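Keep in mind that this is a model prediction, so the values were computed, not measured. By convention in this document, chain letters (A, B, ...) are assigned in the order of the sequence lines, proteins followed by strands, and residues within each chain are numbered from 1.
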Amino acid sequence: MPEGPSIILMKESLQPFVGKQVTEASGNAKFDKDPLTGQTLHEIRTFGKQTYLVLDQQAIRIHLLMFGSYSVDEQTKPDKSLRLSLIFKTGSLYFYTCSVKSVDLEFLSSIDWEADIMSDAWNPQKAEKKLKSKPQMMVCDALMDQDIFSGVGNIIKNEVLFRIGVQPESLIGNLPPKKLKELIAEARNYSFDFLEWKREFVLKKHWLVHTKTTCPKCGQKLVKKQTGLGKRRSFYCEKDQKLY
DNA sequence: GGAAATGTTAACTG
DNA sequence: GCAGTTAACATTTC
């Protein structure tokens, strides 16, 4: 489920627990969960695809990876696959199939929050600068680079490149300045569309090329291919997306 | 039932 | 030691 926008939705569902005290913590996450009991949840912060639960003495970093999930106030008894549960007087949180780590509070200040595509702190000029320093990078890899576009996933990548008419294997350095700006603007813009569609459960309906076989613009067959160093699948139209 | 997939990290190789 | 490649993880969908 998790690309950046989905994480925002998760943050929203966790929000009611801010300011509450943990009364019990369990699960198979590989760190000492006993100290969590008694700490207060001060803040939920998201960075790209990661979520930080900020407590008194530490923060818990949650990354859902490919198949992670979570639930709030679960009725059924959680099974042994439970990675982490946090019980509060007012309710409970459960996380499954995800990466859960405990980090120092200081670690949070080392994060480049301006790289988060979903954040108010998002800094397009900074992204542009980072891109310009890597002219040999393919755009498909650049979009997936979590240091530049934190929160962008494979779906967003494919849709953004189609929207701006750029072939995934184009090199950053070959893009005209205008296209580069479009790339940055659309990465953020599409992420917010993604968020709203996801919220309304209509995301799949709005996919133009991802998992599709024909181009919605010209009707030609789309190319499906593993691209870039990340070797992630790309869907694109040879006619409507130009190779720079 | 098999293969592939919205992702990251650890463990390899040369 | 390094950069680059591969394996591992684990669940849902087609």
Problem - Distance, rounded to the nearest Å, where Met144(A) contributes CE and dG7(B) contributes P - result: 5 Å
Completion exercise
Per nearest nucleotide of DNA chain C, the residue lying toward the 5' end, Leu229(A) or Lys204(A), is Leu229(A)
Handout entry: Separation of atom NZ in Lys212(A) from atom P in dC14(C), rounded to whole Å
Key = 12 Å
Handout entry: Distance test, side-chain N/O of Lys49(A) to OP1/OP2 of dT6(B), below 4.0 Å
Key = no
Problem - Counterpart base for dT6(B), defined by Watson-Crick or G-U wobble contacts under 3.5 Å - result: none
Exercise for the section: Respond yes when some side-chain nitrogen or oxygen of Thr97(A) is under 4.0 Å from OP1 or OP2 of dT11(C), and no when none is. Expected result: yes
Exercise for the section: Would you please confirm or rule out a distance under 4.0 Å between OP1 or OP2 of dA5(B) and any side-chain N or O of Arg233(A)? Expected result: yes
Handout entry: Charged tip of Lys198(A) within 45° of Phe201(A) ring normal and under 6.0 Å
Key = no
Practice task
Report the distance from atom CE of Met137(A) to atom P of dG4(C), rounded to the nearest whole Å.
Solution key: 12 Å
Exercise for the section: Look at Asp141(A) together with Lys134(A) and state whether they make a salt bridge at an N to O cut-off of under 4.0 Å. Expected result: no
Problem - Gap between atoms CD1 and C1', on Ile7(A) and dG7(B) respectively (whole Å) - result: 11 Å
Practice task
Would you indicate whether the side-chain heavy atoms of Leu65(A) and Thr97(A) approach each other to under 4.5 Å?
Solution key: no
Handout entry: Salt-bridge present (Arg163(A), Glu159(A); N to O < 4.0 Å)
Key = no
Problem - Atom-pair distance (NZ on Lys224(A); P on dT6(B)), nearest Å - result: 9 Å
Practice task
Check whether any side-chain nitrogen or oxygen of His210(A) sits under 4.0 Å from OP1 or OP2 of dT6(B), and answer yes or no.
Solution key: yes
Practice task
Consider the side chain of Arg232(A), meaning its heavy atoms from C-beta on, and name the nucleotide among dT6(B), dT9(B), dA5(B) that approaches it most closely.
Solution key: dT6(B)
Exercise for the section: Could you tell me whether the phosphate oxygens of dT11(C), OP1 or OP2, come under 4.0 Å of any side-chain nitrogen or oxygen in Arg83(A)? Expected result: no
Exercise for the section: Measure the distance from CZ on Phe67(A) to C1' on dT8(B) and round it to the nearest whole Å. Expected result: 11 Å
Practice task
Find the distance Tyr96(A):OH to dC9(C):C1' and express it as a whole number of Å.
Solution key: 18 Å
Exercise for the section: Please say whether the positively charged group of Lys157(A), taken as NZ for Lys or CZ for Arg, lies over the ring of Phe149(A), i.e. under 6.0 angstrom from the six-membered ring centre and within 45 degrees of the axis. Expected result: no
Exercise for the section: Report the distance from atom NZ of Lys101(A) to atom P of dT9(B), rounded to the nearest whole Å. Expected result: 6 Å
Exercise for the section: Determine the interatomic distance between C1' on dG4(C) and the same-named atom on dT6(B); round to the nearest Å. Expected result: 25 Å
